[in-house]
Engineer: 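Structure below; questions to follow.
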Amino acid sequence: MSSILVEQKAQSDSVENLSDSILISATYDGDKKKAVLKFYEPKEKKIYLWEDNTNHRPYCLIRRDKVSLETLRELRARKDVADIVDIEKLDLRGDRKIMVAKVITTNPLAIGGGVDSIRSITTTWESDIKYYENFLYDYEKGLIPGAFYRIQNSKIVPVEYDIPANVREALKKGLSRVDGDSASKIIEWAQLLGQPLPDIKRVALDIEVVPPEENRLPDPETADHRVIAISFVSSDGLKEVLLLRRKDIKDGQNVLGPEVNIRWFDDEQELLNAIFARINEYPFVITFNGDEFDLKYLCNRAKKLGIYEEQVPIQLGRDWAGLRRGVHIDLYKTFINRSLQIYAFGNKYSEHTLNGVAEALLGKTKIELDDFIGNLPHYELANYCYNDAQITFDLTNFSQEILMKILLVIARVAKMPLDDASRVGVSNWIRSMLSFDHRRMNALIPRKDELQEVGGASTEAIIKGKKYKGGMVVEPKSGVHFNVAVLDFASLYPSIIKVNNLSYETVRCVHEECKSNKIEGTEYWVCTKRRGITSLLIGSLRDLRVNYYKPIAKSPNLTKEQKDLYNVVSQALKVILNASYGVMGAEIFPLYCLPVADATAALGRNTITATINRCKELDIEVVYGDTDSLFLKAPSQEQIKEITNWASDKLGIELDLDKVYRYVAFSSRKKNYLGVMPDGIIDIKGLTGKKSHVPRFIKDAFYETVEILSKVQSTEDFEKAREDIRNDIRKRARALKAKEVPLDQLAFTIMMSKEIEDYKGTKPQHVRAAEQLKIKKGKEVKAGEVISFIKTLGSNGVRPLELAKKEEVDTEKYMEYLRSTFDQLLDALGYDFEEILGARTLDEIFWGGQS
DNA sequence: ATCTGTGGCCACCAGC
DNA sequence: GCTGGTGGCCAC
């Protein structure tokens, strides 16, 4: 028999059939010479390993500089070769005839370990074409991670899901307007993304280890210290803490609820075995920093204690910790992904720590310890550890498990195993997505040096040090404007890439006759003969989101599950689409092509400029605009209709009415405004008062004023608002001067983007504060963490919050900061800060109006 | 080892 | 005191 199916626990169970399951990943077992595919079966909620020694074919490595195009075409046509990859770089190692070849390939199901392990191989080179002894799984089947398959009579069969009737209807309407290639691509996406998102059975864990000394973390490499506690929280209701009983430690008081099961162990080895048994029960294991700490520590500790390797379910890689049979998701790596941070989680968190993320997304925090962790009584340790596992689990559970679902959708779109997708950035998602289609159409993936031949930038950036010119920002008309309609282009850049056929092989293409198809404002031209591959892929994804997923998510007669699915897919597509333009201009992206990014932005500027001109013709006043949006002053329904129809007809891009503000207040600054919606809800953009580093005290004052302004309905109301604002600011200014404001409310909170030592050149205030904290308290603020500090008189001008005293607060500085924060706001309304207080000097602000 | 882009505002640093 | 540069945070 060619294939056997291995169940998660019973290692040698041979099964020939497997009901609908999600493909997780595929690897190659070099010893057995077999492909191993990992599946998740959602009914039994188990992982199955499918071993297969069929359906894999050799790689073909070529030296592209030595191989002719004809030979390449022949190679592509051969059925006994799974993939053609070419050598990026060859290094001769010594006088042995061994070359180290850097290979370009990113097939997620490439046998040998996925994305990165194939990139560098050692081989002896005998000819310009070499069949590599390792194998690729039969990618021509188009196996997609995250998608459903079943196994019937030892064969892998894709599960066909019907496109729901309402999507089918929407598709029909839209598809009549696109070409055949796009239409089939869109249907393909719709079928893949319409597949259900099953429940994922999972357990979150967190471990505690005796630290070598206070404020120092145990080293997971050496794993010298005892594991003293571990907590599990799972999707099927498991809540437990495993504790190592230590003679020199008190029990303390149990504050955990009765639902939390506490298990005691006298022997650390038994504890570890119990931990591994639990891990084996779950197909998915969730940690926060498990790659670098928890799982790494457990694995190395087990080795140290002499536990047999086969009994340890963890496999350590260079910078990740995997599970032999399950899937490990390290949320630290997921939350550090900027794309997800901004587009999936609305930029709600900034600090990349468990506490920072959990506080922002869940409103839950870690338990603060006042004692050295090694001295904590057993039950207090249990409570602390349990809380961490609970928060970690909750991060995968909030908002209908949005995180797990979005990762699954991204795995499907990116054609990347879910655990890989959760660990890497957008450039790798998009690389994987594009590579998949290159292979399917038998196209060779271009090398960096080949792409470089397309050329450099054609425009000059406004900001020094940038590579090309970006979006256009319209000078705002300062003052208050009532009934402002905000229109924006739906997915502007992806739309431009679609409409204008932008791709690395179409911009500045080789055909003489295309050279007249110029992009205005640049020296570029675009191919008129062939459809560009990135244009097709990004364009079809865009169409799917804009024409189907966005409207369908809003439609009323949907089940809750359908609605959830549409929302999640729509979100995931937004993340991918938003990044698809950016990566084209990023050197690290393997398909980096500056002219594509440059041309996209140029066409964006042309689009918005043309629309502004059209508004002028229609007698509509444009008060502001930024990149893909226009703010129109009190347009009529007809005018809006006129302009949106025009955009759709003439530009081929949907211009949507996003919202109408009751009023908008612009200062003279770009990217700085305040808008009030009809229901009184306030949009604040870019104003200092909303920025995360601003002290609580200033934020509160700012938001109180905003609150007052939100009640304003008409021009006359502003008079009353002015009075209320004046009273409030005076009250707060007096409290500041009288040093009645608690210190923590005066703390600036700024992220350390680098380690302290890495700040060369200038030394900003927050870094100086971090230095003081390190010297005086031995507490180190690491990169990615936030430091709180107070602006003080003398001594460097700053003091970390922990060391500051009320008397040394630089009141004048804070007053100045308060004033500049309010200036942005009040400028727009035609007041000024001191005038509104009825005072001419700062001193009068403090004491004026007081009798 | 990891990394999507440019435009804009602000406070502060450091050199003159 | 002026000024260019840096760092942080934000808009899109």
Side-chain angles (χ1 to χ4, degrees), chain A residues 116 291-292 317-320 333 336-343 347 350 423-431 457 459-476 486 488-489 491-493 575-592 594 596-598 600-602 604-605 608 624-630 658 667-673 683-694 748-754 758-768 783-784 786-787 791 796-798 813 816-817 820-821 823-824:
Chain A
D116 279 307
D291 279 347
E292 292 298 321
R318 266 177 75 88
D319 50 4
W320 58 272
K333 297 228 169 95
I336 217 164
N337 183 318
R338 261 202 59 188
S339 269
L340 288 174
Q341 181 182 349
I342 295 171
Y343 294 108
N347 219 355
S350 51
R423 282 174 172 77
V424 300
V426 277
S427 64
N428 280 314
W429 295 343
I430 294 172
R431 158 170 83 162
T459 62
E460 203 177 316
I462 288 172
I463 301 175
K464 226 178 97 185
K466 301 287 186 188
K467 290 168 288 190
Y468 61 95
K469 188 177 283 197
M472 188 178 79
V473 188
V474 180
E475 194 73 47
V486 182
D488 55 18
F489 288 102
S491 299
L492 180 67
Y493 287 164
V575 175
I576 299 249
L577 284 172
N578 266 308
S580 61
Y581 143 78
V583 295
M584 299 295 172
E587 288 98 333
I588 51 137
F589 183 56
L591 296 175
Y592 168 60
L594 223 164
V596 173
D598 194 3
T600 309
R605 293 190 299 275
I608 198 162
Y624 181 61
D626 186 347
T627 311
D628 62 354
S629 68
L630 286 172
D658 181 29
S667 63
S668 51
R669 301 161 186 85
K670 292 172 174 177
K671 295 182 191 280
N672 267 262
Y673 63 87
D683 257 357
I684 298 164
K685 300 289 180 184
L687 302 185
T688 302
K690 80 174 281 197
K691 294 196 178 182
S692 62
H693 68 278
V694 170
F748 286 83
T749 48
I750 293 185
M751 159 105 62
M752 296 281 296
S753 63
K754 298 181 273 195
D758 295 338
Y759 285 88
K760 312 255 155 66
T762 60
K763 209 164 273 174
Q765 287 188 323
H766 67 290
V767 181
R768 292 212 298 255
V786 161
I787 167 107
K791 301 206 187 211
N796 257 336
V798 287
K813 263 270 165 3
E816 197 44 51
Y817 214 98
S820 80
T821 303
D823 267 351
Q824 291 181 358

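Note on naming: letters A, B, ... go to the chains in the order of the sequence lines (proteins, then strands), and numbering restarts at 1 for each one. Only a predicted model underlies this, so the values are computations on that prediction, with no experimental measurement involved.
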Engineer: Does B:dA11 have its OP1 or OP2 closer than 4.0 Å to a side-chain nitrogen or oxygen of A:Lys691?
Structural biologist: no
Engineer: Only distances under 3.5 Å count here; give the side-chain donor-acceptor pairs of residues 758-765 of chain A to other protein atoms, sequence neighbours excluded, each with its distance to 0.1 Å.
Structural biologist:
unit_1, atom_1, unit_2, atom_2, d
A:Tyr759, OH, A:Ser753, N, 3.1
A:Tyr759, OH, A:Ser753, OG, 3.3
A:Tyr759, OH, A:Lys754, N, 3.4
A:Lys763, NZ, A:Glu771, OE2, 3.3
A:Gln765, OE1, A:Lys791, NZ, 3.1

Engineer: Less than 4.0 angstrom between a side-chain N/O of A:Arg669 and OP1 or OP2 of B:dC10, yes or no?
Structural biologist: yes
Engineer: Going by side-chain hydrogen bond (donor to acceptor under 3.5 Å, both in side chains), name the residues that satisfy it together with A:Asp319, two or more places apart in sequence or in a different chain.
Structural biologist: none
Engineer: Strictly below 4.0 Å: does A:Ser753 bring a side-chain N or O up to OP1 or OP2 of C:dG8?
Structural biologist: yes
Engineer: If the cut-off is 4.0 Å, is A:Lys670 near the phosphate of C:dC10, judged by side-chain N/O to OP1 or OP2?
Structural biologist: no
Engineer: Not counting sequence neighbours, which residues clear side-chain hydrogen bond (donor to acceptor under 3.5 Å, both in side chains) with A:Asp598? List them please.
Structural biologist: A:Thr459, A:Tyr524
Engineer: Please name all residues satisfying side-chain hydrogen bond (donor to acceptor under 3.5 Å, both in side chains) with A:Asp626, sequence neighbours left out, ordered by chain then number.
Structural biologist: A:Lys671
Engineer: Using nucleotides 2-4 of chain B, report all nitrogen or oxygen pairs with the protein that are shorter than 3.5 Å.
Structural biologist:
unit_1, atom_1, unit_2, atom_2, d
B:dT2, OP1, A:Asp319, OD2, 2.1
B:dC3, OP1, A:Gly425, N, 3.2
B:dT4, OP2, A:Ser427, OG, 3.0

Engineer: Expressed as a whole number of angstroms, how long is the span from A:Lys685:NZ to B:dG7:C1'?
Structural biologist: 16 Å
Engineer: For a quick test of reading the model: is some side-chain N or O of A:Gln824 closer than 4.0 Å to OP1 or OP2 of B:dC10?
Structural biologist: yes
Engineer: By salt bridge (charged side-chain N to carboxylate O under 4.0 Å, His left out), which residues pair with A:Asp291, not counting sequence neighbours?
Structural biologist: A:Lys333, A:Arg423
Engineer: C:dC10, OP1 or OP2 - any side-chain N/O from A:Tyr673 closer than 4.0 Å?
Structural biologist: no
Engineer: Please round to 10 degrees the angle between the axis of the first five pairs and the axis of the last five pairs in the helix from B:dG5-C:dC12 to B:dC16-C:dG1.
Structural biologist: 10°
Engineer: Can you figure out which of B:dC10, C:dC9, B:dT6 approaches the side chain of A:Ile463 most closely?
Structural biologist: B:dT6
Engineer: Respond yes when some side-chain nitrogen or oxygen of A:Lys690 is under 4.0 Å from OP1 or OP2 of C:dC9, and no when none is.
Structural biologist: no
Engineer: Can you see if the side chain of A:His766 gets near the phosphate of C:dG8 - specifically, an N or O under 4.0 Å from OP1 or OP2?
Structural biologist: yes
Engineer: If you pin A:Gly686 and A:Lys760 to their nearest nucleotides in DNA chain C, which one's is more 5'?
Structural biologist: A:Lys760
Engineer: Does A:Tyr468 reach a base, just sugar-phosphate, or nothing at all? Heavy atoms under 4.0 Å.
Structural biologist: sugar-phosphate
Engineer: For B:dC12, does OP1 or OP2 lie under 4.0 Å from any side-chain N or O of A:Arg768?
Structural biologist: no
Engineer: With a 4.0 Å cutoff (strictly under), does any side-chain N or O of A:Tyr624 reach OP1 or OP2 of C:dA11?
Structural biologist: no
Engineer: Of all residues at least two apart in sequence or in a different chain, which pass the ring-ring contact (aromatic ring centres under 6.0 Å, His included) check with A:Phe748?
Structural biologist: A:Phe789, A:Tyr814, A:Tyr817
Engineer: Restricting both atoms to N or O, compile the protein contacts to nucleotides 1-5 of chain C shorter than 3.5 Å, with distance only.
Structural biologist:
unit_1, atom_1, unit_2, atom_2, d
C:dG5, OP1, A:Lys464, NZ, 3.1

Engineer: Any side-chain N or O of A:Lys763 under 4.0 Å from OP1/OP2 of B:dC13?
Structural biologist: no
Engineer: Evaluate the side-chain proximity of A:Val786 to A:Met752: yes if any heavy-atom separation is below 4.5 Å, no if none is.
Structural biologist: no
Engineer: Has A:Ser339 got a side-chain atom pairing as donor or acceptor with A:Ile576's backbone, closer than 3.5 angstrom?
Structural biologist: no
Engineer: Only counting residues at least two apart or in another chain, list the ones meeting salt bridge (charged side-chain N to carboxylate O under 4.0 Å, His left out) with A:Arg669.
Structural biologist: A:Asp827
Engineer: Taking any heavy-atom pair under 4.0 Å as a contact, classify A:Met472: base, sugar-phosphate, or nothing.
Structural biologist: nothing
Engineer: Taking only residues two or more places apart in sequence, or in another chain, which ones meet A:Thr688 in a side-chain hydrogen bond (donor to acceptor under 3.5 Å, both in side chains)?
Structural biologist: A:Gln824
Engineer: Mind checking if A:Ile462 touches a base, just sugar-phosphate, or nothing, with heavy atoms under 4.0 Å?
Structural biologist: sugar-phosphate
Engineer: Check whether any side-chain N or O of A:Ser692 sits under 4.0 Å from OP1 or OP2 of C:dC10, and answer yes or no.
Structural biologist: yes
Engineer: Is A:Lys671 touching bases, backbone alone, or none of the nucleic acid, heavy atoms closer than 4.0 Å?
Structural biologist: base
Engineer: At 4.0 Å (heavy atoms only), tell me whether A:Phe748 reaches a base, stays on the sugar-phosphate, or touches nothing.
Structural biologist: nothing
Engineer: With a non-hydrogen cut-off below 4.0 angstrom, is A:Thr600 in contact with a base, only sugar-phosphate, or nothing?
Structural biologist: nothing
Engineer: Hey, can you pull the donor-acceptor pairs under 3.5 Å for the side chains in residues 578-592 of chain A, sequence neighbours left out?
Structural biologist:
unit_1, atom_1, unit_2, atom_2, d
A:Asn578, ND2, A:Lys574, O, 3.1
A:Ser580, OG, A:Leu577, O, 2.7
A:Tyr581, OH, A:Tyr468, OH, 2.9
A:Glu587, OE1, A:Lys467, NZ, 3.0

